[in-house]
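Reading through the structure tokens given below for one structure.
Not measured: the values here are computed from a predicted model. Counting convention: from 1, in listed order, for ligands and their atoms alike.
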Amino acid sequence: MSLTPETVAKRLKQVKYPGFTRDIVSFGIVKNIEVDEGAAVTVSLVFPKPDPEVQKRVEESVRAAVLETPGAQGVNIRSEARDAAPRKSPPQAREAEKKLPDIKHYVAVASGKGGVGKSTVAVNLAVSLAKKRSGVGLMDADIWGPSAPVMTGTQGETPVATPERKMLPVEKYGLKIMSIGYLINEEETVIWRGPMVHGAVKQFVEDVVWTNIDYLVIDLPPGTGDAQLSIAQTAPLSGGVIVTTPQEVSLIDARRGILMFEKLNIPVIGIVENMSYLDVPGGEKIDIFGRGGGKAMAERFKVPFLGEIPIDPNVRKGGDGGVPVVESDPDSPASLAFAKVADEVLKHLENG
Ligand code: ADP
């Protein structure tokens with residue numbers, strides 16, 4: 001069997017990312033493999049964040065794996081971390097990153113489980129950001145339950161294809177939006193497994209015309225399994241926002257969200273406690289689910305607390321009706337709470 005980049009890639013698929021069951025190829029860390037005439041192999045690795053320890057371990061495993069590949073006469077590893085200053089990146093790293101759009105900040109919105117209002121927070125956060133900054137996008141990576149089209153009233157729209165075979169995002173409320181929901185029936189994605197999801201999200205990053213986007217809010221699928229990890233690796237995330245409800249069961253799952261980002265060396269921008277309390281006429285706030293759990297968890301894990309979103313029927317109506325509450329009723333307590341979360345996120349992104 002002759003030595004080709006494919007045979008090397010096959011071998012590298014056995015190298016796991018430290019701390020994960022997933023391999024470095026499907027994680028997207030291996031950006032390029034070249035085999036020269038003398039059968040020397042050059043592997044380009046791009047890590048999502050600088051972490052000398054992880055980089056060293058992966059490089060050593062790659063070196064060993066390549067040298068074990070029949071026919072390989074030598075190995076040369078080029079290793080780069082994504083948030084290194086672009087001007088300092090060597091040409092090969094720039095080559096590896098060429099396909100990524102020129103987006104300044106990628107913000108993932110995650111939750112330990114479904115139903116806590118992750119998509120609601122992602123959409124209202126994105127619209128709030130768009131009121132404060134230009135160049136905001138929303139990428140609905142919740143492949144198994146895309147809700148951005150309904151929540152923004154854009155269902156039925158189809159992204160336009162460019163002559164370069166890229167897709168133009170749908171535009172609404174000052175946002176550029178992409179969702180699998182525009183492209184196929186929701187039922188069709190239900191059976192998708194990890195690699196297909198990873199491929200779709202990769203396309204959403206690379207093949208969508210995200211021109212002039214400085215802030216891309218990414219709605220991750222609920223949960224913290226391999227698929228979510230893989231998606232979190234697809235884009236060079238600047239940080240993650242974790243949505244939880246105050247109940248203990250939800251908080252336990254939210255903790256997994258913190259650990260997921262920490263393992264990937266992605267900063268946790270903070271925790272949002274959704275459905276925190278109910279405002280009743282007269283100014284009373286009723287703690288239906290035990291308000292304060294999100295804040296306590298943030299303190300315990302030493303991550304910022306971004307705010308409490310009240311339970312408000314208008315939040316749900318806004319989602320179902322395609323007009324997010326921050327758009328329809330910007331002065332409501334829920335909208336002000338979303339605006340505060342947006343301020344906190346901007347503070348994190350813009351002040352380091
Ligand atoms: P997830 O993305 O976590 O699965 P969704 O954002 O789809 O959750 O929200 C689940 C349901 O809860 C939706 O019907 C949504 O409108 C509703 N919801 C979310 N947050 C609130 C809130 N603060 N007040 C009232 N309803 C909410």
Quiz item: Counting distance only, does the side-chain N/O of Thr234 pair as donor-acceptor with the main-chain N or O of Ser230 below 3.5 Å?
Solution: yes
Quiz item: Which side chain to side chain donor-acceptor pair (under 3.5 Å) pairs, counting each pair once, include a residue from residues 303-319, with sequence neighbours left out?
Solution: Arg291-Glu308, Arg316-Asp320
Show the short N or O contacts, below 3.5 Å, that ligand 1 makes with protein N or O atoms; if there are none, say 'none'.
| unit_1 | atom_1 | unit_2 | atom_2 | d |
| --- | --- | --- | --- | --- |
| ligand 1 | 2 (O) | Lys118 | N | 3.4 |
| ligand 1 | 2 (O) | Ser119 | N | 2.8 |
| ligand 1 | 2 (O) | Ser119 | OG | 3.0 |
| ligand 1 | 3 (O) | Gly115 | N | 3.2 |
| ligand 1 | 3 (O) | Val116 | N | 3.1 |
| ligand 1 | 3 (O) | Gly117 | N | 2.9 |
| ligand 1 | 3 (O) | Lys118 | N | 2.8 |
| ligand 1 | 4 (O) | Gly115 | N | 2.8 |
| ligand 1 | 6 (O) | Ser119 | N | 3.4 |
| ligand 1 | 6 (O) | Thr120 | N | 2.8 |
| ligand 1 | 6 (O) | Thr120 | OG1 | 2.5 |
| ligand 1 | 8 (O) | Gly117 | N | 3.1 |
| ligand 1 | 20 (N) | Asn274 | ND2 | 2.9 |
| ligand 1 | 23 (N) | Asn274 | OD1 | 3.0 |
| ligand 1 | 23 (N) | Pro310 | O | 2.9 |
| ligand 1 | 24 (N) | Asp312 | N | 3.0 |
| ligand 1 | 24 (N) | Asp312 | O | 3.4 |

Practice problem: For residues 214-252, pull every pair meeting ring-ring contact (aromatic ring centres under 6.0 Å, His included), keeping only residues two or more places apart or in separate chains. | Solution: His105-Tyr215
Quiz prompt | Verify same cluster id: Leu259, Ile266 (apolar side-chain graph, 4.5 Å) | solution = no
Quiz item: Do any N or O atoms from the side chain of Thr69 and from the backbone of Ala72 form a donor-acceptor pair under 3.5 angstrom?
Solution: no
Report, one line per pair, each donor and acceptor closer than 3.5 Å where one atom sits in a side chain of residues 324-341; sequence neighbours left out.
| unit_1 | atom_1 | unit_2 | atom_2 | d |
| --- | --- | --- | --- | --- |
| Glu327 | OE1 | Lys131 | NZ | 3.2 |
| Ser332 | OG | Asp329 | O | 3.0 |
| Ser332 | OG | Ser335 | N | 3.2 |
| Ser332 | OG | Ser335 | OG | 3.0 |
| Ser335 | OG | Val325 | O | 3.1 |
| Ser335 | OG | Asp329 | O | 2.7 |
| Lys340 | NZ | Leu306 | O | 3.3 |

